[in-house]
Amino acid sequence: SISKAISGSMKKSIEGKLVSLFAPTYLDIINESYMHSVPKDSETHFKVIIVSDYFKGLSILEKHRKVQECLSEELKTGVHALSIVAKTQEEW
């Protein structure tokens with residue numbers, strides 16, 4: 001499929017941190033770098049779809065902030081764009 005993700009080190013780092021902090025019931029990390037003007041096999045643009053009860057009681061903005069804080073190192077070291085869909089199990 002077009003959205004097939006490259007299983008590179010940045011994707012693995014993102015996955016490890018999100019699983020560790022949020023214990024998601026659903027997680028999809030899609031490398032969307034191919035849609036941008038970057039070298040082949042880049043890991044610069046990602047979409048994260050995460051479902052976790054960690055997000056209960058948080059606004060959409062607060063959910064996004066939590067994910068961004070969790071991935072602050074990746075955002076400083078190569079990830080230029082991060083699209084986030086964060087929901088509770090109930091919202092999913």
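Side-chain atoms are counted along with the backbone in the values below, which use heavy atoms only and exclude waters and symmetry mates. Only a predicted model underlies this, so the values are computations on that prediction, with no experimental measurement involved.
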Problem set entry | By side chain to side chain donor-acceptor pair (under 3.5 Å) - contacts of S83 (at least two apart) | none
Problem set entry | side chain to side chain contact (heavy atoms under 4.5 Å, CB included) between Y26 and I49, worked out | CA-CA 8 Å; Y26 178 85; I49 303 168; 3.8 Å; yes
Exercise. Just how far is it from atom CZ of F22 to atom CG of L27, taken to the nearest 0.5 Å?
Worked result: 10.5 Å
Exercise. Within a strict 4.5 Å, meaning less than it, do heavy atoms of the V48 and L82 side chains meet?
Worked result: yes
Exercise. For K11, does its backbone N or O pair with a side-chain atom of E43 as donor and acceptor, under 3.5 Å?
Worked result: yes
Exercise. How would you list, by chain and number, every residue that makes a side-chain contact (heavy atoms from CB on, under 4.5 Å) with K87, sequence neighbours excluded?
Worked result: V85, E91, W92
For this session: Can you sort out the partners of I60 under side-chain contact (heavy atoms from CB on, under 4.5 Å), two or more places apart, ordered by chain and number?
Result: H64
Seminar exercise, completed: Minimal heavy-atom distance between T44 and S33, with the atoms involved, is N-OG, 2.9 Å
Exercise. Is there a side-chain contact between I30 and F46 (heavy atoms, below 4.5 Å)?
Worked result: no
For this session: Can you measure from CG (L71) to CE (M10) and round to the nearest 0.5 angstrom?
Result: 9.5 Å
Exercise. More than 12 non-hydrogen atoms from neighbouring residues, nucleotides or ligands closer than 6.0 Å to NZ on K63, yes or no?
Worked result: yes
Problem set entry | Partners meeting side chain to side chain donor-acceptor pair (under 3.5 Å) with S52 (sequence neighbours left out) | none
Problem set entry | Validation row: V51, P24 side chains within 4.5 angstrom (heavy atoms) | no
Seminar exercise, completed: The complete set of salt bridge (Lys or Arg N to Asp or Glu O under 4.0 Å) pairs with one or both residues in residues 44-56, sequence neighbours excluded, reads none
Problem set entry | Residue pair I84 / Q68, side-chain heavy-atom distance below 4.5 Å | yes
For this session: Can you label the angle between the H36 ring and the H45 ring as parallel, tilted or perpendicular, going by 30° and 60°?
Result: parallel
For this session: Group every Ile, Leu, Val, Met, Phe, Trp and Tyr by side-chain heavy-atom contacts under 4.5 Å, then state whether V38 and L75 land in the same group.
Result: no
Exercise. Between F55 and T88, what is the shortest heavy-atom contact and its length?
Worked result: C-CG2, 3.6 Å
Exercise. Counting only N and O atoms by type, is there a donor-acceptor contact under 3.5 Å from the side chain of N31 to the main-chain atoms of S42?
Worked result: yes
For this session: Answer yes or no: are there more than 12 heavy-atom neighbours, outside E90 itself, under 6.0 Å from its atom CD?
Result: no
Problem set entry | Least distance between heavy atoms, K66 atom then Y54 atom | CD-OH, 4.0 Å
Using a 3.5 Å cut-off and no angle test, enumerate the donor-acceptor pairs between side-chain atoms of residues 13-20 and protein atoms at least two apart in sequence or in another chain.
| from | atom 1 | to | atom 2 | distance (Å) |
| --- | --- | --- | --- | --- |
| S13 | OG | E74 | OE2 | 2.5 |
| K17 | NZ | E74 | OE1 | 3.3 |
| K17 | NZ | E74 | OE2 | 3.2 |

